[in-house]
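Before any comments, here is the structure.
Model, not experiment: these values are computed from the prediction. Start at 1 and go down the list; that is how both ligands and their atoms are numbered.
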Amino acid sequence: MHIDIITLFPEMFRGPFDASIVARAVEQGLVQIELHNLRDWGEGRHKVVDDSPHGGGAGMVLKPEPLFAAVEAVRPLAAEPGRVVLLTPQGRLLTQAIVNELAQFPRLVLLCGHYEGVDERVREHLVDDEISIGDYVLSGGEPAAMVLVDAVVRRLPGALGSEASLAEESHAQGLLEYPQYTRPADYRGWRVPDILLSGHHEEVRRWRRRQSLLRTARRRPDLLAKACLTDEERRWLEEELASD
Ligand code: 9D3
């Protein structure tokens with residue numbers, strides 16, 4: 001996969017992309033990430049990229065010319081035209097389903113918004129998709145682009161050390177994780193549940209599944225509504241929740 005990122009702050013990406021799974025995927029040749037400074041396509045001696053909104057109002061808006069010029073310059077640098085994705089608070093809320101969808105494209109061109117917004121003609125005639133990472137205010141699209149890249153890259157075949165992790169992830173589809181423990185079995189008098197020390201693998205599996213169900217029901221009932229439970233699991237859960 002080829003990912004181009006058009007941003008006013010390319011240096012923000014160095015740290016996060018030089019470590020972690022993303023860095024390893026780049027080293028393995030699974031993904032090629034290119035950072036482009038929008039300022040390079042700014043207008044005039046001062047490389048202007050923004051202007052005040054027509055009709056008045058506070059703040060600045062990213063001008064269309066530099067964004068169109070940047071995308072049109074960057075696109076021919078790879079074989080595929082690429083899906084152009086704008087990171088914006090007005091976009092579709094990022095979910096694992098959207099991550100999986102984006103991971104199918106051979107190329108992504110990410111546009112990081114800034115200031116109060118982006119000229120509407122960019123959305124209408126340049127951008128294929130608009131993504132938000134959540135209902136909170138960031139100072140720009142850069143952290144959102146990092147989140148998107150991390151989530152997409154780890155979906156690429158070969159990006160994860162052990163493919164087992166992915167299999168397990170899909171197995172527990174849509175449920176929160178069960179509680180995890182490591183040594184020591186007794187820390188300050190807080191004991192690891194006996195079942196986990198028992199060596200009864202089938203019992204351990206059942207305990208973990210039930211803990212996942214319980215935790216999901218209590219913390220994320222929205223997720224539970226979409227999960228796949230057996231009748232027996234539903235009955236057990238209902239009983240447990242009744243005593244909360
Ligand atoms: C005055 C209204 N603000 C919208 C809530 C304006 C505004 C705030 C912050 C416009 C842009 C931004 C910068 N944020 C992003 O570009 C952004 C973002 C975010 O703030 N939250 C979650 N996802 C994203 S993706 C891009």
Are [X] and [Y] within salt-bridge range, i.e. N to O under 4.0 Å?
X: Arg123; Y: Glu120; answer: yes
X: Arg75; Y: Asp4; answer: no
X: Glu233; Y: Arg209; answer: yes

With heavy-atom distances below 4.0 Å as the criterion, list the atoms of ligand 1 near [X].
X: Gly141; value: 15 (C), 16 (O), 26 (C)
X: Ile131; value: 25 (S)
X: Val137; value: 8 (C), 9 (C), 20 (O)
X: Ala144; value: 25 (S)
X: Thr88; value: 25 (S), 26 (C)

Checking contacts here: is it the side chain or the backbone of [X] that comes within 4.0 Å of ligand 1, counting heavy atoms only? Could be both or neither.
X: Ser132; value: both
X: His114; value: neither
X: Asp135; value: neither

To the nearest 0.1 Å, how far is [atom] from its closest protein heavy atom, and which atom is that?
atom: atom 22 (C) of ligand 1; result: Gly134 O, 3.1 Å
atom: atom 3 (N) of ligand 1; result: Glu116 OE1, 4.3 Å
atom: atom 11 (C) of ligand 1; result: Tyr115 O, 3.6 Å
atom: atom 18 (C) of ligand 1; result: Leu138 CD1, 3.8 Å

Spatial distance of atom CG (Asp129) from atom CD (Glu101) [nearest 0.5 Å]: 6.5 Å
Do any nitrogen or oxygen atoms of [X] come within less than 3.5 Å of a nitrogen or oxygen of ligand 1?
X: Tyr136; result: yes
X: Pro89; result: no
X: Ile133; result: yes

Is it the case that Gln104 and Asn100 place a side-chain donor and acceptor less than 3.5 Å from each other? no
Does one side chain, of Thr7 or Glu142, offer a donor that lies under 3.5 Å from an acceptor on the other? yes
What's the shortest heavy-atom distance between Leu38 and Leu8, and which atoms? CB-CD2, 3.9 Å
Without swapping roles, check the side chain of Arg215 against the backbone of Leu176 for a donor-acceptor pair under 3.5 Å. no
Backbone N or O of Ala159 within a donor-acceptor pair of the Arg24 side chain at under 3.5 Å? yes
Any chance CD of Glu11 has more than 12 other-residue heavy atoms, nucleotides or ligands included, within less than 6.0 Å? yes
